[in-house]
Amino acid sequence: MKEYLSSLFSKFFDTQVLVQDYELSVRPNYLVAGRNFYIIQLNELKFLVVQTADSESYNVTQYDRQREKIHETDGLEVVYYFKNVTAVQQESLINNHIPFISSNGNIFIPFIGLLFKGTSSAEKILSSEKMMPATQKIFLELIYSKEEDVKCVDLGIKLRLSKMSVTRACEQLKSMGLIEMEIRGRTGYLRTKYKGLELYEKAKGNLINPVQETLLIPEEELPLNALIAGETLLGKLTMLNPPAVKEYAIYKGDINKSELHPQEVRWSKMDGLVYLQLWKYEPELFLKKDDVDPVSLACSLSDVYDERVEGEVEDLLGSFEW
């Protein structure tokens with residue numbers, strides 16, 4: 001197996017590939033039974049290949065949890081090796097961002113930029129994949145950053161993300177062809193392949209609408225930290241007439257829905273009511289002149305099919321000082 005792994009990675013990297021047996025620091029039976037472990041070293045980069053047992057019947061959620069456990073105890077990224085894995089199983093592993101190698105030569109290791117060898121439907125999956133909320137947070141930080149290189153560790157602190165969330169998000173951005181990653185010593189750095197509006201256009205198909213849910217509530221229940229959002233903000237920033245009912249945004253984790261009294265549009269007089277958008281990430285992290293940032297605003301309006309709105313969003317992004 002060691003010879004196979006050395007030969008495999010040597011095809012993709014000019015540097016020397018070191019493969020050694022490895023013993024986990026914590027060895028519960030479910031992690032080690034019937035398995036072999038190999039540490040792979042490519043210059044300063046190290047990660048763990050877990051050769052799974054043929055008899056295993058774990059699902060993707062369990063594999064993901066095991067990967068997190070090893071990352072917590074040993075500080076290593078995990079790549080699974082499967083002797084027998086179907087096309088359906090491969091797609092499930094990809095969709096759940098679980099790195100793997102299969103015995104038929106297919107490879108999915110986004111954190112080092114290896115995304116399958118040969119032809120596969122996975123290429124289509126990756127190109128049309130939507131960002132996770134954590135991924136979009138990192139993307140927004142990078143697109144507005146004036147720094148050429150950004151430390152991975154700084155992203156976790158600034159954006160309130162765990163180390164594992166940062167790792168997965170960076171893997172996803174790399175698989176989308178939006179960033180480059182570099183290891184200097186023990187520190188990871190990110191760099192975008194494009195800048196400003198060009199970066200936005202490249203990522204546009206992968207961006208998500210940050211709005212998870214919209215509530216119609218009495219204005220007196222509006223949280224003090226809610227931000228002007230939606231077409232209300234677009235009207236403030238452009239020549240578009242604002243809607244009759246104002247729109248606001250807040251992170252879904254910053255509010256207790258049980259304290260609100262949502263109204264039904266059909267049965268409500270709209271006087272004294274406002275729309276409150278519950279977002280998948282914290283809009284206040286990326287404020288521009290005390291307002292929701294333009295990329296998030298554009299994403300929140302992506303489901304509004306109105307030529308006037310689309311035109312004003314396009315003009316807003318085009319005139320923004322990136």
Side-chain angles (χ1 to χ4, degrees), residues 1-118 120 122 125-126 152 163-172 174-175 181-183 186 188:
M1 186 63 180
K2 286 191 288 186
E3 290 77 11
Y4 168 77
L5 292 173
S6 179
S7 174
L8 179 67
F9 288 108
S10 294
K11 295 177 182 178
F12 301 98
F13 297 93
D14 294 332
T15 185
Q16 183 181 10
V17 179
L18 297 178
V19 184
Q20 296 177 309
D21 294 313
Y22 186 80
E23 184 171 316
L24 295 181
S25 58
V26 178
R27 298 177 57 81
N29 190 60
Y30 73 90
L31 279 183
V32 300
R35 292 177 166 181
N36 295 311
F37 301 87
Y38 305 95
I39 192 80
I40 310 294
Q41 184 168 350
L42 306 170
N43 286 335
E44 298 294 330
L45 178 66
K46 290 183 180 181
F47 57 93
L48 186 69
V49 171
V50 178
Q51 183 179 13
T52 60
D54 294 343
S55 59
E56 290 185 8
S57 58
Y58 297 121
N59 58 39
V60 289
T61 300
Q62 292 169 317
Y63 279 120
D64 200 27
R65 288 174 179 168
Q66 292 175 23
R67 180 190 174 204
E68 289 185 5
K69 179 66 176 178
I70 294 172
H71 191 275
E72 289 175 3
T73 57
D74 292 62
L76 293 168
E77 291 293 337
V78 172
V79 177
Y80 291 103
Y81 173 86
F82 297 101
K83 185 175 181 181
N84 299 303
V85 60
T86 67
V88 172
Q89 291 169 334
Q90 289 175 8
E91 291 194 2
S92 180
L93 290 166
I94 292 168
N95 289 336
N96 287 275
H97 307 283
I98 299 176
F100 72 92
I101 301 167
S102 66
S103 58
N104 61 2
N106 289 333
I107 305 170
F108 176 69
I109 314 179
F111 62 84
I112 60 173
L114 288 182
L115 308 176
F116 272 75
K117 184 181 71 173
S120 171
I125 294 171
L126 290 169
C152 296
K163 184 182 294 185
M164 180 60 76
S165 293
V166 171
T167 299
R168 289 181 177 177
C170 291
E171 289 174 7
Q172 193 176 37
K174 185 174 178 65
S175 74
M181 300 175 65
E182 181 181 353
I183 306 297
R186 297 185 177 181

Over all atoms of both residues, closest heavy-atom pair of Val17 and Ser10 = CG2-OG, 3.7 Å
So CD1 of Ile70 and OH of Tyr22: to nearest 0.5 Å the spacing works out to 9.0 Å
Donor-acceptor pair, side chain of Glu72 and main chain of Lys69, under 3.5 angstrom | no
Side chain to side chain, Leu31 and Pro28, heavy atoms closer than 4.5 Å | yes
Please round to the nearest 0.5 Å and tell me the distance separating atom CD1 of Ile39 and atom CG of Leu18.
-> 10.5 Å
Spatial distance of atom CD (Gln62) from atom CD1 (Ile98) [nearest 0.5 Å] = 10.5 Å
Would Leu24 and Thr73 satisfy side-chain contact (heavy atoms from CB on, under 4.5 Å), going step by step from the backbone distance to the final call?
-> CA-CA 8 Å; Leu24 295 181; Thr73 57; 5.9 Å; no
Could you tell me whether the side chain of Tyr58 and the main chain of Tyr30 form a donor-acceptor pair under 3.5 Å?
-> yes
Asp21 meets the salt bridge (charged side-chain N to carboxylate O under 4.0 Å, His left out) criterion, sequence neighbours left out, with Lys2
Would you name the heavy atoms of Thr52 and Tyr80 that are closest together and state the gap between them?
-> CG2-CD2, 3.9 Å
Between Gln89 and Thr86, is there a donor-acceptor pair closer than 3.5 Å when you use the side chain of the first and the backbone of the second?
-> yes
Does Asp64 have any salt bridge (charged side-chain N to carboxylate O under 4.0 Å, His left out) partners at least two apart in sequence or in another chain, and if so, which?
-> Arg168
Distance col, row Phe108:CZ vs Ile94:CD1, nearest 0.5 angstrom, shows 5.5 Å
Side chain to side chain donor-acceptor pair (under 3.5 Å) partners for Ser25, two or more places apart | Asp74
Heavy-atom check, side chain of Met1 versus side chain of Asn36, under 4.5 Å | no
Nearest heavy-atom pair of Ser92 and Val60: which atoms, and what distance?
-> OG-CG1, 3.2 Å
Considering non-hydrogen atoms only, spot the tightest contact between Ala53 and Ala33 and give its length.
-> CB-O, 4.2 Å
Report the distance from atom CZ of Arg67 to atom CG of Asn96, rounding to the nearest 0.5 Å.
-> 10.5 Å
How far apart are the C-alpha atoms of Tyr38 and Gln20, what are their side-chain angles, what is the distance that settles it, and do they pass the side-chain contact (heavy atoms from CB on, under 4.5 Å) test?
-> CA-CA 5 Å; Tyr38 305 95; Gln20 296 177 309; over 6 Å; no
Under the 3.5 angstrom rule, does the side chain of Asn106 hit a backbone N or O of Ser102 as a donor-acceptor pair?
-> no
Give a yes or no on whether a salt bridge exists between Glu23 and Arg35, defined as a side-chain N under 4.0 angstrom from a carboxylate O.
-> no
Given the rule in the ring pair (Phe, Tyr, Trp, His ring centres under 6.0 Å) test, do Tyr81 and Phe100 qualify, once you have shown the distances and angles that lead to the verdict?
-> CA-CA 6 Å; Tyr81 173 86; Phe100 72 92; over 10 Å; no
Do Lys46 and Glu77 sit within salt-bridge range, that is, some charged N less than 4.0 Å from a carboxylate O?
-> no
So Phe82 and Tyr63, ring pair (Phe, Tyr, Trp, His ring centres under 6.0 Å) or not? Walk me through it.
-> CA-CA 12 Å; Phe82 297 101; Tyr63 279 120; 5.3 Å; yes
For residues Val79 and Val50, determine if any side-chain heavy atom of one lies less than 4.5 Å from a side-chain heavy atom of the other.
-> no
Using modelled atom types only, decide if a donor and an acceptor are shared between the side chain of Ser175 and the backbone of Gln172 within a distance under 3.5 Å.
-> yes
Derivation and outcome, side-chain contact (heavy atoms from CB on, under 4.5 Å), residues His71 and Val78 = CA-CA 7 Å; His71 191 275; Val78 172; 5.8 Å; no
Ser7 side chain vs Glu3 backbone, donor-acceptor pair below 3.5 Å | no
When you look at Leu76 and Phe37, which way does the side-chain contact (heavy atoms from CB on, under 4.5 Å) test go after all the steps?
-> CA-CA 12 Å; Leu76 293 168; Phe37 301 87; over 6 Å; no
Rounded to the nearest 0.5 Å, the SG atom of Cys152 sits from the NZ atom of Lys163 at a distance of 11.0 Å
